[in-house]
Amino acid sequence: AIQLAPTQLFPWNNLGILFNKLNRNEDALVAFQKAIENKPGDAVSWSGLGDVYMKLSRPDDAIHSYLKAIELTPKFPIAWTGLGNAYFSANNTENAFKAFQKAFTLNNRSTQTIVGLAKVLVLQGRENNAIQAYEAALNIDPKNSTTWDELGKVCLKAGSHEKAVVAFGK
């Protein structure tokens with residue numbers, strides 16, 4: 001598709017998404033940059049670029065990309081969640097919490113968003129709220145072993161040993 005129509009947006013975005021899934025980060029970076037070059041106003045391309053920057057451990061670049069995606073499409077929960085993760089990686093928990101809250105208001109069924117909120121709550125010393133958030137995420141996706149493990153850790157920290165046993169046992 002790209003050979004036939006090199007300025008089309010969707011093949012570049014699709015390649016970026018595919019390369020990102022294959023952990024071909026540099027190729028994904030180029031694909032999303034080409035997509036943005038062809039259509040600078042596409043929020044999906046900017047959010048995809050942010051995802052690649054996160055894989056490359058470049059949270060400041062990711063923050064810029066997610067903010068651009070949100071500027072273009074303010075009600076884009078995936079970009080808000082990405083922004084929360086980028087702020088979290090940059091140790092900016094206050095802005096991470098705000099971004100996750102905004103994402104949650106746009107889509108309260110996203111386990112990635114809820115888990116992001118839970119991680120910030122743990123850092124804020126709000127273990128009981130974090131436990132509730134992890135449990136909410138597990139109500140949506142009860143087979144997520146990573147979330148069960150994280151729930152176990154926060155239960156242990158909060159002194160809820162029986163809950164921790166159950167969580168680790170899953």
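Because the structure is a prediction, the values reported are computed rather than measured.
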Do any N or O atoms from the side chain of [X] and from the backbone of [Y] form a donor-acceptor pair under 3.5 angstrom?
X	Y	answer
Ser110	Thr113	yes
Lys157	Glu127	no
Asn38	Lys34	yes
Asn20	Gly16	no
Ser89	Asn85	yes
Trp46	Ile70	no

Applying a strict under-4.5 Å side-chain criterion to I, L, V, M, F, W and Y, I'd like to know whether [X] and [Y] cluster together.
X	Y	result
Trp148	Leu156	no
Ile140	Phe100	yes
Val120	Ile114	yes
Phe88	Phe97	yes
Val52	Ile36	yes

Worksheet item: side-chain contact (heavy atoms from CB on, under 4.5 Å) with Ile131: which of Val122, Val154, Leu121?
Response: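 Testing each of Val122, Val154, Leu121 against Ile131, the sole residue satisfying side-chain contact (heavy atoms from CB on, under 4.5 Å) is Val154.
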
Worksheet item: Pick from Thr147, Asn139, Leu138, Asp141: which one makes a side-chain contact (heavy atoms from CB on, under 4.5 Å) with Thr111?
Response: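 The option that passes is Asp141.
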
Any side-chain heavy atom of [X] sitting closer than 4.5 Å to one from [Y]?
X	Y	value
Leu29	Arg58	yes
Glu26	Leu56	yes
Leu67	Ile63	yes
Ile17	Phe32	yes

Report the distance from atom [atom1] of [X] to atom [atom2] of [Y], rounding to the nearest 0.5 Å.
X	Y	atom1	atom2	answer
Cys155	His161	SG	NE2	9.5 Å
Ile78	Thr73	CD1	OG1	11.0 Å
Lys102	Asn107	NZ	CG	12.5 Å
Leu15	Phe10	CG	CZ	14.0 Å
Lys119	Gln124	NZ	CD	14.5 Å
Asn144	Glu150	CG	CD	10.0 Å

Which heavy atom of [X] sits nearest a heavy atom of [Y], and at what distance?
X	Y	result
Phe19	Ala31	CD1-CB, 4.4 Å
Met54	Pro59	SD-CA, 4.2 Å
Leu72	Pro40	CD1-O, 3.7 Å
Ala96	Gly84	CB-O, 3.4 Å
Lys163	Glu135	NZ-OE2, 3.1 Å
Phe76	Ser47	CE2-CB, 3.7 Å

Practice prompt. Answer yes or no: does atom NZ of Lys75 have more than 12 heavy-atom neighbours from other residues, nucleotides or ligands under 6.0 Å?
Written response: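 Not buried by this count: 12 neighbours or fewer within 6.0 Å.
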
Discussion item. Between Tyr53 and Asp60, do the side chains contain a donor N or O and an acceptor N or O under 3.5 Å apart?
Written reply: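 The answer is no; no qualifying pair exists.
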
Discussion item. Can a side-chain donor-acceptor contact be found between Asn13 and Ser45 if the only test is distance below 3.5 angstrom?
Written reply: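 Ser45 vs Asn13: donor-acceptor pair found between side chains.
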
Worksheet item: Would Leu49 and Tyr66 count as a side-chain contact (heavy atoms from CB on, under 4.5 Å) if you check the C-alpha gap in whole Å, the side-chain angles of each, and the deciding distance to 0.1 Å?
Response: CA-CA 8 Å; Leu49 185 62; Tyr66 292 127; over 6 Å; no

Worksheet item: In terms of side-chain geometry, is the basic nitrogen of Asp149 or Lys153 positioned less than 4.0 Å from the acidic oxygen of its partner?
Response: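 Looking at Asp149 and Lys153, the cut-off is met.
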
